[in-house]
Amino acid sequence: MNLKIVSLAVAGAFAIGAGSASAQEVVKIGHVGPLTGGIAHLGKDNEFGAKMAIEALNAKKVKIGGKEVKFELLSEDDAADPKQGTAAAQKLVDAKVNGVIGHLNSGTTIPASKIYHDAGIAQISPSATNPKYTQQGFKTAFRVVANDGQLGGTLGRYAVKELKGKAIAVIDDRTAYGQGVADEFEKAVKAAGGKIVGREFTNDKATDFNAILTKLKGKKPDVVFFGGMDAVAGPMLRQMKQLAINAKFMGGDGICTGELAKLAGDAMADGQVICAEAGGVTKEKAADMDKFKADFKAKFNTDVQIYAPYVYDAVNVMVAAMVKANSADPKKYLPELAKINYDGVTGKIAFDAKGDIKNGALTLYTYKGGKRDQMMVVK
């Protein structure tokens with residue numbers, strides 16, 4: 001091949017990948033989540049949701065600006081680590097993606113959001129719930145689930161009013177997500193007239209909680225709230241049982257997974273754990289969600305963990321905005337994304353001025369016989 005042909009080939013490849021309005025044959029969608037580490041099962045769940053959406057869109061032969069396009073998924077691993085998260089974000093920016101779905105954790109989503117904002121690339125998080133994410137004034141940042149203000153607040157009120165908690169202890173893992181949801185929970189407990197008897201912290205890699213649990217045991221808590229993820233909550237429940245702390249155990253969406261029962265083993269009593277997922281479908285959407293879960297299981301031979309349906313919807317929302325704008329260029333489709341009104345698997349998706357979902361649902365769960373059991377959907 002001569003040099004002239006090589007240079008033409010390179011130029012053509014760049015034009016396709018650059019997301020320009022003139023050449024939309026390939027539209028690159030980035031996805032970032034923890035594909036390694038303690039919560040890789042959640043990251044893979046999200047990645048599978050993105051793959052499902054991309055394959056369904058390609059099967060539909062979507063047209064943008066009158067041209068049929070091929071969607072390509074560029075998936076990166078952030079290992080739930082902020083430094084790796086910003087490196088993954090920069091990699092996607094350098095690859096000239098047309099938009100990003102991610103990250104999973106607030107601790108990676110928030111620092112990465114500045115990189116996407118500076119590059120003018122749209123970002124939709126399917127699962128980051130810390131309010132700070134959408135309070136930075138970035139017109140590129142959106143989320144399709146309720147935030148910690150809603151989630152922690154609902155759980156805090158529930159602890160006082162429904163569980164009649166008299167002595168409530170709070171533990172967090174010091175991540176942006178864990179500390180944020182624990183702060184909102186504590187605020188809501190106090191506002192509802194409840195009493196916080198202790199606030200302790202650990203980290204998101206810890207396995208030994210004897211010191212903080214022994215300290216809290218002396219306060220005789222009837223409710224223990226943990227702000228963090230299931231990989232830490234499981235061992236914590238085991239050690240609570242060893243120390244004979246017979247309290248209700250509460251947490252946000254980070255612990256509210258199918259894996260929690262396995263991670264906790266026989267330490268979790270029926271009805272002991274109450275958690276909330278940022279999301280949830282009302283009765284009219286139940287059939288759509290059931291179909292999604294069945295299709296997901298058939299495709300990947302595994303059950304949905306939590307956020308795969310929200311990732312699926314996030315990809316489709318982004319593409320719907322591109323179709324409306326007749327362009328996959330973020331500068332052109334971002335205004336359409338901001339005013340989108342989309343009917344997804346998880347429900348109606350529309351954003352407020354900050355990029356938060358309007359009327360975000362929450363679902364309260366407990367566990368019975370080692371399985372998650374839905375209690376109610378709260379709007």
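Predicted model only: the values in this text are computed from it and were never measured.
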Open item on the list: Given 3.5 Å as the limit, does a donor-acceptor pair link the side chain of K44 with the main chain of I39, or not?
Closed with: no
TODO: Indicate yes or no for a side-chain donor-acceptor contact from K96 to the backbone of V93 under 3.5 Å, with no hydrogens or angles considered.
DONE: no
Task: side-chain hydrogen bond (donor to acceptor under 3.5 Å, both in side chains) assessment of D313 paired with T346 - done: CA-CA 7 Å; D313 275 355; T346 60; 2.6 Å; yes
- [ ] Check the side chains of D204 and T175 for a donor-acceptor pair under 3.5 angstrom, ignoring hydrogens and angles.
- [x] no
- [ ] Find out whether M322 and S327 are in side-chain contact, i.e. whether some heavy atom of one side chain is under 4.5 Å from a heavy atom of the other.
- [x] no
- [ ] With the side chain counted from C-beta on, respond yes when D148 and Y177 share a heavy-atom pair under 4.5 Å apart, and no when they do not.
- [x] yes
Task: More than 12 heavy atoms of other groups within 6.0 Å of F201 CZ - done: no
- [ ] State, yes or no, whether a side-chain contact exists between Y367 and D270 at a heavy-atom distance under 4.5 Å.
- [x] no
TODO: Indicate if L216 and V273 have the same hydrophobic cluster label, given that clusters are the connected sets of ILVMFWY residues with side-chain heavy-atom separations under 4.5 angstrom.
DONE: yes
- [ ] Assess whether salt bridge (Lys or Arg N to Asp or Glu O under 4.0 Å) is satisfied between K166 and D222, documenting all intermediate values.
- [x] CA-CA 7 Å; K166 302 284 184 234; D222 47 15; over 6 Å; no
Open item on the list: salt bridge (Lys or Arg N to Asp or Glu O under 4.0 Å) for R199 and D172? Distances and angles first, verdict last.
Closed with: CA-CA 8 Å; R199 175 84 184 246; D172 75 74; 2.9 Å; yes
Open item on the list: Is it true that H41 and D230 share a donor-acceptor pair across their side chains at a distance under 3.5 Å?
Closed with: yes
Open item on the list: If we count only N and O atoms by modelled type, under 3.5 Å, do the side chains of R143 and T134 hold a donor and an acceptor together?
Closed with: yes
Task: Residue pairs, two or more places apart or on separate chains, that pass ring-ring contact (aromatic ring centres under 6.0 Å, His included) and touch residues 142-167 - done: F142-F351
- [ ] Answer yes or no: is there a donor N or O on one side and an acceptor on the other, between the side chain of E76 and the main chain of K91, under 3.5 Å?
- [x] no
- [ ] Check whether any side-chain N or O of T129 sits under 3.5 Å from a backbone N or O of N147 as a donor-acceptor pair, and report yes or no.
- [x] no
Open item on the list: Minimum heavy-atom separation for H31 and L73, please, with both atom names.
Closed with: CB-CD1, 3.9 Å
Task: N210 atom CG, neighbour heavy-atom count above 12 within 6.0 Å - done: yes
- [ ] Treating Ile, Leu, Val, Met, Phe, Trp and Tyr as nodes and any side-chain heavy-atom pair under 4.5 angstrom as an edge, say whether F226 and V170 lie in one connected cluster.
- [x] no
Open item on the list: Determine whether a donor-acceptor pair (N or O, by modelled atom type, separation under 3.5 Å) exists between the side chain of Q84 and the backbone of D77.
Closed with: yes
Open item on the list: Are more than 12 heavy atoms, taken from residues, nucleotides or ligands other than K220, located less than 6.0 Å from that residue's NZ atom?
Closed with: no
Open item on the list: Assigning hydrophobic clusters by single linkage (Ile, Leu, Val, Met, Phe, Trp, Tyr; side-chain heavy-atom cutoff under 4.5 Å), is M250 placed with L260?
Closed with: no
Open item on the list: Could you see if I124 belongs to whatever hydrophobic cluster contains V319? Use Ile, Leu, Val, Met, Phe, Trp, Tyr and a side-chain cutoff under 4.5 Å.
Closed with: yes
TODO: Check the pair R372, E277 against salt bridge (Lys or Arg N to Asp or Glu O under 4.0 Å), reporting the backbone distance first and the verdict last.
DONE: CA-CA 11 Å; R372 255 189 1 157; E277 181 181 298; 2.8 Å; yes
Task: Side chain K241, main chain D266, donor-acceptor under 3.5 Å - done: yes
Open item on the list: The test is side-chain hydrogen bond (donor to acceptor under 3.5 Å, both in side chains); show your working for T140 and Q123 and say whether it passes.
Closed with: CA-CA 6 Å; T140 48; Q123 174 190 13; 5.7 Å; no
Open item on the list: Test salt bridge (Lys or Arg N to Asp or Glu O under 4.0 Å) on K51 and E55; report intermediate values, then the result.
Closed with: CA-CA 6 Å; K51 282 182 177 173; E55 286 177 23; over 6 Å; no
TODO: Taking T108 for its side chain and N105 for its backbone only, find out whether a donor-acceptor pair lies under 3.5 Å.
DONE: yes
Task: Q136 side chain near I110 side chain, heavy-atom distance below 4.5 Å - done: yes
Task: Test item: K324 and L337 side chains (from C-beta on) under 4.5 Å apart, heavy atoms - done: no
Task: Residue pair F249 / M240, side-chain heavy-atom distance below 4.5 Å - done: yes
Task: Considering all heavy atoms, the nearest L104-G43 contact - done: CD1-N, 3.8 Å
Task: pair V100-I121: side-chain heavy atoms closer than 4.5 Å - done: yes
Task: Residue pair D295 / K291, side-chain heavy-atom distance below 4.5 Å - done: yes
